[in-house]
Amino acid sequence: MPRCLAPLLLLAAFAAPARGFDVPPASGAPLPQQEVRARWARSACAASTTPSARKGPARTELIIVLKSLREMALCARGELLAHYRVALGPNPLGHKRRRGDGRTPEGFYRVTMKQDFYHRSLRLSYPNEDDRRRAREDGVDPGGGVLIHGLSDSKEGLGELHVLRDWTEGCIAVTNEEIDEVDRLTPVGTVVEIRP
């Protein structure tokens with residue numbers, strides 16, 4: 001391929017609709033993908049979080065990841081704090097079953113610790129007891145080390161373009177600026193729900 005076409009192909013891929021579904025507005029005209037993602041994030045937080053009586057600045061009480069839309073929402077007090085486009089593992093369909101399968105797990109987990117890995121990261125409680133039981137039944141290693149993280153030094157220059165391809169080993173990736181915000185808003189112990 002001629003080198004001059006590479007930037008045009010990259011721009012075309014970035015301008016393409018995000019993977020997932022499109023919800024038409026009442027007028028019947030299709031919504032821009034950014035608005036589809038924002039509407040999903042707001043409704044997911046409203047439906048999944050019980051409003052809190054806690055005073056003070058909002059802190060994330062629930063993180064919801066919708067793999068099919070490549071979207072992550074931070075929820076507090078039943079409302080949306082922030083939402084982000086994400087990259088997943090290269091084989092994202094289905095629940096993570098074993099080490100090296102390239103899948104991002106599905107189900108309920110917690111943020112167990114914060115680390116300075118991939119710029120910054122939040123470690124999740126994968127594998128949970130159900131994951132370990134399934135792995136024992138299948139005779140496989142369930143793997144571990146699933147994170148919500150930023151970009152490595154080699155990918156940092158991609159910025160928002162990193163979401164054009166699922167590239168993690170099963171983690172959930174956002175930009176470095178976004179992971180800084182997620183880290184600031186999210187305490188250890190926060191529940192993370194990962195949906196198909």
Side-chain angles (χ1 to χ4, degrees), residues 6-7 9-22 32-41 44-45 60 62-75 80-109 111-112 114-127 131 143-186 190 192-196:
L9 292 174
L10 185 59
L11 286 174
F14 189 62
R19 297 160 292 214
F21 55 88
D22 194 87
Q33 285 296 315
Q34 184 175 1
E35 180 58 24
V36 171
R37 292 190 301 272
R39 284 186 182 193
W40 168 82
C45 288
T60 305
L62 173 68
I63 295 174
I64 303 171
V65 177
L66 183 60
K67 289 171 37 172
S68 62
L69 196 56
R70 305 310 194 273
E71 183 75 14
M72 180 172 74
L74 275 56
C75 308
L80 177 67
L81 283 180
H83 68 100
Y84 314 92
R85 290 185 68 193
V86 300
L88 305 171
N91 187 18
L93 297 180
H95 179 61
K96 183 168 188 64
R97 305 290 295 202
R98 60 180 172 76
R99 179 179 301 282
D101 64 7
R103 292 184 177 171
T104 301
E106 296 170 1
F108 288 89
Y109 301 94
V111 174
T112 59
K114 296 182 178 188
Q115 301 172 295
D116 292 327
F117 182 71
Y118 271 88
H119 180 70
R120 191 172 313 287
S121 61
L122 284 66
R123 182 177 286 272
L124 303 185
S125 59
Y126 176 88
D131 298 320
V146 175
L147 311 167
I148 299 172
H149 64 69
L151 305 178
S152 65
D153 291 343
S154 66
K155 290 197 176 2
E156 184 175 9
L158 291 174
E160 293 177 355
L161 296 178
H162 83 96
V163 299
L164 293 177
R165 183 168 83 63
D166 288 317
W167 58 270
T168 75
E169 293 181 23
C171 295
I172 300 157
V174 294
T175 68
N176 288 350
E177 294 78 16
E178 291 167 342
I179 195 62
D180 286 341
E181 182 176 55
V182 172
D183 179 71
R184 181 176 52 80
L185 293 172
T186 305
T190 298
V192 179
E193 180 186 0
I194 305 174
R195 302 176 180 175

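Count residues from 1 along the sequence.
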I'd like to check [X] versus [Y] (side-chain heavy atoms, cut-off strictly below 4.5 Å). Are they in contact?
X: Ile194; Y: Ile172; answer: yes
X: Arg97; Y: Arg103; answer: yes
X: Leu124; Y: Thr112; answer: no
X: Ile179; Y: Leu122; answer: yes
X: Val146; Y: Tyr109; answer: no

Lys/Arg N to Asp/Glu carboxylate O, Asp131 vs Lys96, below 4.0 Å: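 The answer is no: the pair does not qualify as a salt bridge.
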Check the side chains of Glu156 and His119 for a donor-acceptor pair under 3.5 angstrom, ignoring hydrogens and angles.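 Glu156 and His119 do not have a side-chain donor-acceptor pair below 3.5 Å.
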Donor-acceptor pair, distance only, cut-off 3.5 Å: does the side chain of Lys67 make one with the backbone of Gly94?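 Checking the backbone N and O of Gly94 against the side chain of Lys67, a donor-acceptor pair under 3.5 Å is found.
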Looking at Gly170, is its backbone amide N or carbonyl O close enough to the side chain of Thr168 to form a donor-acceptor pair, meaning the two atoms are under 3.5 Å apart?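 Yes, Thr168 side chain to Gly170 backbone: donor-acceptor pair under 3.5 Å.
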Tell me the closest heavy-atom pair linking [X] and [Y], and the distance in Å.
X: Val86; Y: Leu88; value: CG2-CD2, 4.0 Å
X: Val163; Y: Ala87; value: CG1-N, 4.1 Å
X: Gly144; Y: Arg99; value: N-NH2, 4.2 Å
X: Arg70; Y: Pro92; value: NH2-CG, 3.4 Å
X: Tyr126; Y: Pro105; value: CD1-CB, 3.6 Å
X: Leu66; Y: Pro196; value: CD1-O, 3.1 Å

Using the salt bridge (charged side-chain N to carboxylate O under 4.0 Å, His left out) criterion, which residues pair with Glu177? Sequence neighbours excluded.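 Counting only residues at least two positions away or on another chain, Glu177 forms no salt bridge (charged side-chain N to carboxylate O under 4.0 Å, His left out).
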Nearest 0.5 angstrom please: [X] [atom1] to [Y] [atom2], how far?
X: His83; Y: Glu71; atom1: NE2; atom2: CD; result: 5.5 Å
X: Thr186; Y: Ile63; atom1: OG1; atom2: CD1; result: 4.0 Å
X: His95; Y: Asp101; atom1: NE2; atom2: CG; result: 9.0 Å
X: Asp166; Y: Asn91; atom1: CG; atom2: CG; result: 9.5 Å
X: Ser121; Y: Asp183; atom1: OG; atom2: CG; result: 8.5 Å

Look at the aromatic rings of Trp167 and His162 and report parallel, tilted or perpendicular, splitting at 30° and 60°.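 It falls in the perpendicular class, over 60°.
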Test side chain to side chain contact (heavy atoms under 4.5 Å, CB included) on Gln115 and Leu147; report intermediate values, then the result. CA-CA 9 Å; Gln115 301 172 295; Leu147 311 167; 3.5 Å; yes
With sequence neighbours left out, write down each residue that passes side-chain hydrogen bond (donor to acceptor under 3.5 Å, both in side chains) with Asp153, or none if nothing qualifies.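 Checked Asp153 against side-chain hydrogen bond (donor to acceptor under 3.5 Å, both in side chains); zero matches.
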Under the side-chain hydrogen bond (donor to acceptor under 3.5 Å, both in side chains) test, which residues partner Arg98, sequence neighbours left out?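 With neighbours one apart ignored, the set is empty.
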As a test of understanding, state which of Arg123, Glu178, Met72, Arg120 forms a side chain to side chain contact (heavy atoms under 4.5 Å, CB included) with Ile148.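 Among Arg123, Glu178, Met72, Arg120, the one meeting side chain to side chain contact (heavy atoms under 4.5 Å, CB included) with Ile148 is Met72.
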Atom CD of residue position Glu169 - does it have more than 12 heavy atoms of other residues, nucleotides or ligands inside 6.0 Å?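 Count not over threshold, so no.
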